[in-house]
There are 2 protein chains.
Amino acid sequence: MLLDEIDKKLLEYLQADSKKTTKELSNKLNLSVTAVYERVKKLEREAVINNYVALLNKEKIDKNFVVFCHVKLVQHTQDYVIKFEKEVANLNEVLECYHISGDYDYLLKVLVKDMAAYREFMVKKLTTINHIGSTQSMFVINEVKHTTTINF
Amino acid sequence: MLLDEIDKKLLEYLQADSKKTTKELSNKLNLSVTAVYERVKKLEREAVINNYVALLNKEKIDKNFVVFCHVKLVQHTQDYVIKFEKEVANLNEVLECYHISGDYDYLLKVLVKDMAAYREFMVKKLTTINHIGSTQSMFVINEVKHTTTINF
DNA sequence: ACTGAAATGTCAAGGCC
DNA sequence: GGCCTTGACATTTCAGT
């Protein structure tokens, strides 16, 4: 799907605040309510917009310990890879998992309450997955920037 | 703020789909529309819910190259640190930046169109920031999991 | 892409445990 | 304090043009 400048503006606004009404958007864009409505519907239909979500404040719900964890597998046969990916995706504490280039195979973003919970996660969940060779944890000292907004 | 089981359910639903109406939520929770409405307002007021956003499909907008980039500073005096963090936060391509423990100082999540764009980003933007000692790029081969939903 | 109108949703007021 | 019902108002959604 080809996006014109109005679509891009629209996506910019909706990425910042998806609760904006079509009326507000129509004012900002100098369009009618229906025109905006139909553009948004099209962006949803064409899956340019994946979904609408509420973002929570980690501190307020006592999950304020973020760790990036490198994982290396002992073997890289397809079965092991598929099994590992499936099992990791099922862990609630793992918000993100990437297969990456470099010294390690995977990079995981893990969110837990505190160091004790992370230890628990490592011992009882992550390292019980078979065929993990080694792991290396990098603890987040400070979150300098964190946005879900993609700029054009 | 203390969250009861109903609040947690509510947050679970809104994290998955923030467009759910209070009516739909009230049905799922066996509550009245107003009860749900007031709970949601309270969660917003107390900043448990930070904001509502539209999440886009990276592929559809031609930004499908994700790179995690480690950065080490040459010095760690406060001026340099503050300046680096400020300049990095201003780069559109940098979606996330974390100060982390370990061999490197920072971990950046960078989103661009392709390898050529990444090269451009490194040469013209990132490495023009002063006092960067070294960098190491890890390219994302596959995104195994990526969620913004925090489980309780 | 616009106007207009029905369906649906939001949100405040007042009252009940 | 949290829940409910009611009703006014705003928004969404969809014809028809």
Side-chain angles (χ1 to χ4, degrees), chain A residues 1-64 113 147-152, chain B residues 1-63 147-152:
Chain A
M1 175 182 180
L2 223 85
L3 305 171
D4 65 13
E5 287 309 309
I6 297 176
D7 289 324
K8 288 178 185 174
K9 275 274 175 207
L10 216 41
L11 292 172
E12 186 190 305
Y13 294 137
L14 291 174
Q15 284 188 100
D17 176 15
S18 61
K19 284 284 194 236
K20 274 208 176 16
T21 63
T22 51
K23 195 175 188 179
E24 290 177 283
L25 295 169
S26 68
N27 286 337
K28 290 198 182 228
L29 296 169
N30 277 8
L31 276 176
S32 73
V33 170
T34 315
V36 171
Y37 173 75
E38 277 166 359
R39 275 173 184 269
V40 173
K41 284 298 150 199
K42 184 165 185 200
L43 290 166
E44 293 169 357
R45 213 168 39 236
E46 306 260 352
V48 176
I49 295 175
N50 256 340
N51 55 346
Y52 299 95
V53 304
L55 298 181
L56 306 191
N57 188 334
K58 292 195 287 292
E59 298 170 30
K60 297 284 173 109
I61 54 174
D62 213 21
K63 286 274 169 75
N64 209 11
K113 177 179 157 58
T147 181
T148 55
T149 302
I150 303 172
N151 290 280
F152 291 95
Chain B
M1 175 181 180
L2 223 86
L3 304 172
D4 64 13
E5 286 310 307
I6 298 176
D7 289 323
K8 289 178 185 174
K9 275 273 175 209
L10 216 41
L11 291 172
E12 185 189 307
Y13 294 137
L14 291 174
Q15 284 187 101
D17 176 13
S18 61
K19 285 284 188 211
K20 274 209 174 17
T21 63
T22 50
K23 194 175 187 176
E24 289 177 284
L25 295 169
S26 69
N27 284 336
K28 291 200 180 222
L29 296 170
N30 277 8
L31 276 176
S32 75
V33 169
T34 314
V36 170
Y37 174 75
E38 280 167 358
R39 274 172 182 271
V40 172
K41 284 299 151 198
K42 183 166 186 198
L43 290 166
E44 292 169 358
R45 213 167 42 234
E46 306 260 353
V48 176
I49 296 175
N50 255 339
N51 55 345
Y52 299 96
V53 304
L55 298 181
L56 306 191
N57 189 334
K58 292 194 288 291
E59 296 169 31
K60 296 285 172 105
I61 54 173
D62 212 21
K63 288 274 168 74
T147 181
T148 55
T149 302
I150 304 172
N151 291 280
F152 293 96

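If you're wondering where the values come from, they're calculated on a predicted model, not measured in any experiment. Reminder, nothing fancy here: chain letters follow the sequence lines and each chain counts from 1.
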**Message:** Whether Thr22(B) contacts dT10(C) is assessed here as follows: a side-chain N or O lying under 4.0 Å from the phosphate OP1 or OP2. Is that the case?
**Reply:**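 Indeed, a polar side-chain atom of Thr22(B) lies that close.
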
**Prompt:** Can you check whether Lys41(A) has a side-chain N or O nearer than 4.0 Å to OP1 or OP2 of dT13(D)?
**Reply:**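 Yes, Lys41(A) has a side-chain N/O under 4.0 Å of OP1/OP2 on dT13(D).
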
**Prompt:** Reckon Lys19(A) touches a base, only the sugar-phosphate, or nothing at all at heavy-atom distances under 4.0 Å?
**Reply:**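 If one applies the 4.0 Å heavy-atom cut-off, Lys19(A) turns out to touch nothing in the nucleic acid.
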
**Request:** Could you tell me whether Thr34(B) contacts a base, only the sugar-phosphate backbone, or nothing, with contacts defined as non-hydrogen atoms closer than 4.0 Å?
**Result:**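 Answer is base: heavy atoms of Thr34(B) come under 4.0 Å of a base.
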
In whole angstrom, give the distance that lies between atom [atom1] of [X] and atom [atom2] of [N].
X        : N       : atom1 : atom2 : answer
Arg45(B) : dG1(D)  : CZ    : P     : 11 Å
Asn27(B) : dG9(C)  : CG    : P     : 10 Å
Tyr37(A) : dA15(D) : OH    : P     : 10 Å
Glu46(B) : dG1(D)  : CD    : C1'   : 14 Å
Leu25(B) : dT10(C) : CG    : P     : 9 Å
Lys23(A) : dT10(C) : NZ    : C1'   : 14 Å
Leu3(B)  : dG1(D)  : CG    : P     : 17 Å
Leu31(B) : dC11(C) : CG    : P     : 17 Å

**Prompt:** Are side-chain heavy atoms of Thr149(A) and Val53(B) found at a separation under 4.5 Å?
**Reply:**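 Thr149(A) does not reach Val53(B) side chain to side chain.
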
Could you check which of [options] has an atom nearest any side-chain atom of [X]?
X        : options                 : result
Glu38(B) : dC3(D), dG2(D), dA1(C)  : dC3(D)
Ser32(B) : dA1(C), dC4(D), dG2(D)  : dC4(D)
Val33(B) : dC3(D), dC4(D), dC11(C) : dC11(C)

**Between CD on residue Glu44(A) and CG on residue Asn51(A), distance to nearest 0.5 Å** =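 These two atoms lie 10.5 Å from each other.
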
**Prompt:** Around atom NZ of Lys42(A), are there more than 12 heavy atoms of other residues, nucleotides or ligands at under 6.0 Å?
**Reply:**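 No, because the 6.0 Å sphere around NZ of Lys42(A) holds 12 heavy atoms or fewer from other groups.
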
**Donor-acceptor pair, side chain of Lys60(A) and main chain of Met1(B), under 3.5 angstrom** =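 No.
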
**Item:** Polar side-chain atom of Lys63(B) near backbone of Asn151(A) as donor-acceptor pair, under 3.5 Å
**Value:**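 A pair under 3.5 Å: yes.
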
